[in-house]
Each structure stands twice: as C-alpha cells, then as structure tokens.
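A quick write-up on the structure given underneath.
Any value given below was found using the heavy atoms of this structure, including those in side chains, with hydrogens, waters and symmetry copies removed. All values derive from a computational prediction rather than experimental measurement. Chain naming here is simple, since letters A, B, ... match the order of the sequence lines and numbering starts at 1 in each.
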Number of protein chains: 2
Amino acid sequence: MRDVATMAGVGIATVSRVVNGKPVTPDLAERVTRAAEQLGYRQDLTASSLRRADRRTHTLGLVLEDAANPFSAALHRAVEDAAAEHGMLLLAGSTDEDPVRERGLLKTFTARRVDGLIVVPTGQNDTDLDAARRAGTPVVCVDRRTTAPQVDTVTVDNRAGVRAAVQRLHEAGHRRIAFLGDLRSIWTAQERYTGFVEGLATVGCVLHPSLVRRGLHGAEAAQAATHDLLALAHAPTALISGQNLLTIGARRTLQELQLQRRVALIGFDDLSLADLLEPGISVIAQDHAAIGKEAASLLFERLEGEGGPARHRVLPTRYLARGSGELPAPEDR
Amino acid sequence: MRDVATMAGVGIATVSRVVNGKPVTPDLAERVTRAAEQLGYRQDLTASSLRRADRRTHTLGLVLEDAANPFSAALHRAVEDAAAEHGMLLLAGSTDEDPVRERGLLKTFTARRVDGLIVVPTGQNDTDLDAARRAGTPVVCVDRRTTAPQVDTVTVDNRAGVRAAVQRLHEAGHRRIAFLGDLRSIWTAQERYTGFVEGLATVGCVLHPSLVRRGLHGAEAAQAATHDLLALAHAPTALISGQNLLTIGARRTLQELQLQRRVALIGFDDLSLADLLEPGISVIAQDHAAIGKEAASLLFERLEGEGGPARHRVLPTRYLARGSGELPAPEDR
DNA sequence: TTGAAAGCGGTACCAC
DNA sequence: GTGGTACCGCTTTCAA
C-alpha cells in the first residue's frame with residue numbers, strides 16, 4: 001500500500017480511502033487504481049481488521065460434529081449462504097463428539113477473532129462456550145441445547161417428532177416397538193429417547209427395557225444391535241432409530257434377514273435415496289436449511305447489538321410416510 | 001498483552017515469549033501465566049501472523065462446488081484432517097459452478113492471506129487461479145484439471161472408469177447404451193463423456209447421438225432426460241450416468257416406470273444407500289478421502305518450499321457391482 | 001479533500 | 001535471559 005501511494009504520488013491514507021470506496025477526487029482515485037494494478041497490490045484484510053474501529057474479521061466459526069456427514073454439510077451450506085449475504089466467510093471444523101477437539105476449535109477460532117460462533121456442542125464443554133461468549137464472541141448453539149447461559153439455541157422438537165412416530169406405529173397395531181439411540185452424551189439422543197418414552201406412555205404401551213438399545217454410534221453398531229433385537233424370543237415388530245446412520249444400520253440388517261417388509265422402521269432425520277428403497281424408509285425429517293438459516297440470523301442479531309436474554313428457537317419436524325413406517329403389525333394379518 | 005506485562009511486572013517481549021513457549025525463567029513464566037489468566041488474556045493470532053517473519057496465517061482456503069453435496073463434504077473432511085495435523089484451519093466456500101462466485105471466493109481468501117488454496121475449479125476462471133499462485137499463494141486443483149500453469153492437480157481416471165463400465169455393459173449384451181452428462185463446462189463431465197466415446201469405440205459399438213444427453217444439472221434434469229430416452233422408438237437398454245445427482249434422477253425415472261430390473265444403470269461416484277436399493281446401484285466409485293488427502297499433501301509440500309513444475313496425480317476409480325449394472329440386455333432373455 | 005502520524009496486538013532484533 | 005523499540009499493513013484521528 002505504501003508502494004502504491006508512492007507510485008501514485010499520493011498519501012497512504014488516500015490509497016486506503018480508494019480501496020475502501022470512500023469519496024476521493026476521481027483523478028486521484030484513477031491514479032491509485034492504476035498504480036495498484038501495476039504493482040499487483042492485494043488488500044490485506046487481516047491487517048485492516050486489526051486496525052479497524054469495529055475490529056470485525058467478517059469471519060464466523062462453525063463447529064460441526066463431522067463435516068462429512070449430510071447434516072453437518074447441509075448446515076454448513078445454509079450458514080454459508082446467510083453469512084455470504086453479510087459479506088462473511090466461514091471457518092469450519094469437526095469435533096467427532098470429542099470435547100477435547102471441541103475445546104481446541106473454540107480456542108483457535110476465538111484466537112483468530114471470529115466475529116461469532118455457531119456450534120453443534122458435544123455437551124461436555126459448556127464452560128468453554130460460556131468463556132467464548134464472555135470474551136465477547138456471540139455463540140449460537142445448533143441442533144442441541146446447552147447449559148451455557150445466555151447462549152441462543154436452535155433445535156427441533158425432537159420429543160414431539162418421536163412421540164408422533166410411536167403413536168403412528170401403535171395405531172398400526174404395533175405393541176413391541178424397539179428404540180435405537182445414539183451416544184447418551186448427545187443431547188438429541190436423550191431428547192429422542194424421552195420422546196419415545198413419552199410416546200409409549202401416551203398410547204398406554206409398556207416400555208420393554210430389552211427393546212431399548214442406546215449408546216450406539218455409527219451404522220455398524222446399529223446393525224449389530226438390530227440383529228440382537230430381532231433374535232429375541234419376543235422380537236420387536238417395529239423399530240425407531242434415533243439417528244441417520246443408525247437408521248441405515250437397522251435397515252441393512254432388516255434386508256439381510258429379508259424382514260424389511262415385515263418389521264416397521266421409522267428413522268430420525270431424512271436420508272438421500274430413502275424414497276427409492278422398497279419399501280421407502282419413513283422418517284421424522286428436519287429442515288436442515290431452516291435450522292442453519294435461523295442460527296445465522298440469531299447470530300447476526302447479536303452482532304448488531306441485540307443484548308437480551310438467551311433465545312431458544314424450536315423448529316418442528318415433519319413426518320414423511322414412505323412405507324417402512326406404515327407396515328402393519330404381523331398380528332393384524 | 002501490554003496489560004499482562006505490566007501486571008506481571010515484566011517486559012512485553014517476555015509475555016510474547018511465554019505465550020509462544022520460548023525459554024523463559026520459570027519464575028517469570030509463572031507470573032505471566034497468572035496475570036494472563038487473571039486478566040482473561042486471549043492471544044490474537046491475526047496480529048501475530050501480521051508481524052511474524054513467515055507471515056503464515058495457518059489457514060487454508062477451500063473452494064467447493066457446494067458444501068452441501070456429499071462429494072464436497074467428504075473432501076472437506078479429508079482436507080480438514082490433513083490440515084489439522086499441520087495446525088491449520090479451513091476457510092470454505094461454495095461456487096455453485098458460478099465463475100463470479102469463484103472469483104469472489106478466490107479474492108477474499110487471498111485477501112485474508114490464506115497460506116494455500118485447494119480448489120474445485122469451475123473451469124471458467126483459470127486466470128484467477130494463476131493470479132493467486134503468482135501472488136504467492138500455492139494452489140492445488142482437485143477433481144478437475146485446470147489450464148492454469150504450475151498448479152498441481154488431483155483427479156481420478158474418469159475416462160478409464162467409464163470405459164470399463166461401457167465394456168461391462170457390452171459384455172452383458174447391451175448395444176444401445178445411453179449417456180447422461182453434467183454441464184459441459186465441468187471438466188469431469190467432458191472426461192467422462194470422452195470415456196464413454198472411447199469405450200464404445202473399444203468394443204466396436206456405434207455411438208447413437210440420440211442416446212447422449214449432456215448439459216444436465218441436478219436430479220430433475222436427469223429424471224426428465226431419462227423419461228425422454230426411454231420413450232424413444234429404439235430405447236436404450238442401459239444407462240451410464242456421469243454424476244451423482246444424475247444417477248438419482250435416472251433411477252427415479254426407472255422406478256416410476258418399473259424398469260429398474262430391466263434397464264441397466266451404472267453411475268459415476270458412489271451414493272449412500274445405493275447398496276440397499278433393489279437392485280443395488282452399480283457405480284464407478286472414487287475415494288474421496290484419498291483425493292482430499294493427496295491434495296492436502298501436495299499443498300503442504302509447496303508450503304515447505306517444493307518449487308518444481310506442476311504435478312498431476314491421477315487416482316484410480318473402482319467399480320462396485322451391485323446389480324443394476326449387471327442386468328443383461330433384454331435380447332438375451 | 002488530503003497527508004502525516006499514531007497505533008491496532010503482536011514479533012523480531014538489538015543491546016544490556 | 002530480558003526489556004526497549006521498530007515495525008507488520010492497515011485505519012483513523014487531526015491539522016492543513
């Protein structure tokens with residue numbers, strides 16, 4: 001920039017003004033532009049944000065469970081689009097549910113002075129979220145609630161979604177309904193299980209502890225658990241899976257045993273191609289894009305000075321009937 | 001930092017040393033650490049990289065087609081893991097195949113002084129890639145070649161993959177094989193089509209122009225195109241789809257017409273759940289993780305001073321036989 | 001409107 | 001080993 005100023009025969013401040021589009025005599029602006037081009041000048045945003053009065057870096061930190069999974073990817077994209085509208089960019093990282101990694105990401109994001117954070121919290125690190133917020137970086141939690149105070153959250157109504165699924169299965173005659181749940185440390189896994197329990201209570205159905213398998217992580221774990229369940233003397237006639245990969249694992253086992261048309265299955269969260277299976281997999285779907293958009297908008301409000309108490313947005317889920325959740329209980333036949 | 005120095009009663013330089021883990025008398029280090037904690041001091045990496053001799057920001061820029069699609073997501077994660085090993089973070093953005101957005105991302109990434117760029121190029125902006133490289137930011141292109149000189153690339157052997165698929169179909173008796181291709185501007189779409197043409201030539205089969213549908217983007221376009229193809233007087237007995245979403249669209253139409261067991265289908269790039277469909281979708285799979293890892297490693301070599309000519313890594317594809325590609329041509333029955 | 005100079009939060013060099 | 005100081009590239013007073 002100094003070189004550009006010298007070459008254009010103007011002060012360094014004038015170059016800054018031109019670069020930032022502030023009013024400058026056209027003649028000077030022209031000279032600056034030309035000199036900049038000739039010298040191959042490239043603005044340094046890191047230096048500029050350092051000196052700028054608002055200290056904004058126009059960067060958001062995004063802490064995901066795993067950038068590779070469809071939920072995270074959709075969230076990433078939704079947040080990215082919202083961010084782009086505000087001229088902001090995304091710094092993203094994956095925790096793999098590891099609180100140590102989460103802490104590391106939070107630390108380096110704040111050290112890089114991101115303007116705000118959107119986090120899918122592992123749930124084992126809430127003090128760090130609070131620390132970030134108190135250090136002046138607004139935080140919005142997504143997909144899961146947090147115990148950190150004054151942190152906005154965007155979640156879906158997990159309980160209601162699962163409750164409704166239980167009711168549907170019950171109406172179709174199912175009495176032995178099994179539940180597959182993710183790691184207990186994950187907030188949504190707890191909520192969905194609670195929804196399952198509530199649903200059974202609502203329809204007046206007993207909860208068979210042997211039909212509940214929690215703490216499963218990944219498709220293989222669900223596949224094995226489903227095998228176990230179906231080998232029981234009183235095997236379930238319907239399955240509710242509390243997460244994406246678990247649904248895949250469950251369905252895989254059903255197909256191995258040729259039971260996909262006999263044992264009902266409802267999964268939480270939609271799956272690509274689920275509608276092309278036979279029967280299609282019925283799911284409790286969440287609107288990923290809406291979640292991301294809402295999170296971003298809460299964050300931007302904070303950045304614009306909104307100082308009120310924590311806000312908690314709860315979005316609805318939507319049941320997509322595709323066949324696997326509509327299979328009648330065998331007794332009905 | 002100045003406050004910490006004052007509080008600890010040491011020079012500002014000493015604080016810097018402590019923060020950076022450089023040798024300092026334990027007593028002083030202790031005092032600094034305590035003061036830092038008490039004042040809630042948080043290191044500012046943006047300021048530090050500004051003054052640091054190497055000017056490194058420990059940030060990589062990742063330009064994707066669409067952060068939400070599985071290919072991009074897998075790539076993102078693979079690069080993230082490699083970056084993390086080097087203490088680096090990722091700044092990511094989506095182009096949606098729009099060269100204007102690509103240019104914007106390239107510009108703001110370099111303005112933020114990323115240490116390197118990993119780009120899935122739209123193919124309509126190669127001068128910007130070159131500009132970035134000449135400005136001192138190493139660039140690695142991924143998934144697609146580029147005409148920009150001195151830019152390393154990582155791609156898969158698209159032609160060989162499609163060629164082999166054509167041969168398989170031919171061996172199964174298919175003579176009327178259709179091709180569904182993505183936007184012509186996309187390098188891989190060109191390559192895969194070339195592989196199709198080469199494959200037909202190899203087996204001595206004629207290329208029916210009416211069976212080629214290129215310039216399709218997204219599942220719906222493929223769905224419609226497949227409808228058209230199957231309505232032809234001499235309809236194809238097999239389909240090769242040149243991209244993920246196109247495969248989904250094609251399969252959807254096949255199932256609508258109940259033809260998924262009569263018309264063969266081979267897709268490029270794997271799909272989650274493809275193995276659970278009946279019949280399963282056979283695909284020409286690429287190893288996303290390996291692609292991302294290789295790209296990252298090429299980039300890190302550049303960052304460590306590797307100055308040779310552009311290197312082009314070509315990874316193999318793998319055919320996954322699942323049924324849809326193994327259906328015999330009707331004449332055989 | 002424009003330019004000189006101070007300073008954002010650090011690091012690197014230098015003399016002690 | 002430690003502290004003082006110049007300075008990274010830029011924005012922001014402030015005086016001209």
* Please report, rounded to the nearest Å, how far the C1' atom of D/dG9 is from the CZ atom of B/R56. => 19 Å

* Asked: Taking 4.0 angstrom as the limit, do A/E191 and A/R145 come out as a salt bridge?
  -> no

* Interatomic distance, B/I12 CD1 vs C/dG9 P [rounded to whole Å] -> 10 Å

* Using a heavy-atom cut-off of under 4.0 Å over every strand shown, decide if A/V15 touches base, sugar-phosphate, or nothing. => nothing

* **Salt-bridge present (A/R77, B/D96; N to O < 4.0 Å)** => yes

* Whole angstrom is fine here: how far is it from CG in B/D44 over to P in D/dC8? => 18 Å

* To do: Using only side-chain N and O atoms of A/T25, determine if any of them is under 4.0 Å from OP1 or OP2 of C/dT2.
  => yes

* Kindly say if A/S16 contacts the phosphate of D/dC10, meaning a side-chain N or O under 4.0 Å from OP1 or OP2. => no

* Asked: Taking atom C1' of C/dC8 as reference, at what distance in whole Å does atom CG of B/D3 sit?
  -> 13 Å

* Parallel, tilted or perpendicular for B/F300 and B/H86, by the 30°/60° rule? -> parallel

* **Minimum heavy-atom distance between B/A67 and B/S94, given as atom pair plus value** => N-OG, 2.9 Å

* Structure fact -> Note: for B/A47 and B/G11 on DNA chain D, the residue whose nearest nucleotide lies more 5' is B/G11

* Would you indicate which nucleotide in D/dG3, C/dG3, C/dA5 comes nearest to any side-chain atom of B/T14? => D/dG3

* Select one nucleotide: of C/dT11, D/dC10, C/dC8, the one nearest the side-chain heavy atoms of A/S48. => D/dC10

* To do: Answer with base, sugar-phosphate or nothing: what part of the nucleic acid does B/V19 contact at a heavy-atom distance below 4.0 Å?
  => nothing

* Asked: Between B/N20 and A/P23, which is nearer to the 5' end of DNA chain C once each is assigned its nearest nucleotide?
  -> A/P23

* Asked: Between C/dA6, C/dG10, D/dC8, which nucleotide gets closest to the side-chain atoms of A/R113?
  -> C/dG10

* How would you label the contact of A/A5 with the nucleic acid (heavy atoms, under 4.0 Å): base, sugar-phosphate, or nothing? -> nothing

* So what does B/R42 hit on the nucleic acid, given a heavy-atom distance under 4.0 Å: a base, only sugar-phosphate, or nothing? -> sugar-phosphate

* Which sits closer to the 5' end of DNA chain D, B/L28 or B/R52, going by the nucleotide each is nearest to? -> B/L28

* To do: Send over the distance from A/R2 CZ to D/dC10 P, rounded to a whole Å.
  => 10 Å

* Side chains of A/D126 and A/T146, donor plus acceptor under 3.5 Å -> yes

* Structure fact -> Rounded to whole Å, CE of B/M1 lies from P of C/dG9 at a distance of 11 Å

* Asked: With a 4.0 Å cut-off on heavy atoms, is A/A13 in touch with a base, just the backbone sugar-phosphate, or nothing at all?
  -> base

* **Distance in angstrom units between A/K22 NZ and D/dT12 C1', rounded** => 8 Å

* Does atom CZ of A/R103 have more than 12 heavy-atom neighbours, drawn from other residues, nucleotides or ligands, at distances under 6.0 Å? -> no

* Can you check the B/R51 CZ to C/dT11 P distance for me, whole Å? -> 10 Å

* Specify the residue among A/R17 and A/L50 whose closest nucleotide of DNA chain C lies further upstream toward the 5′ end. => A/R17

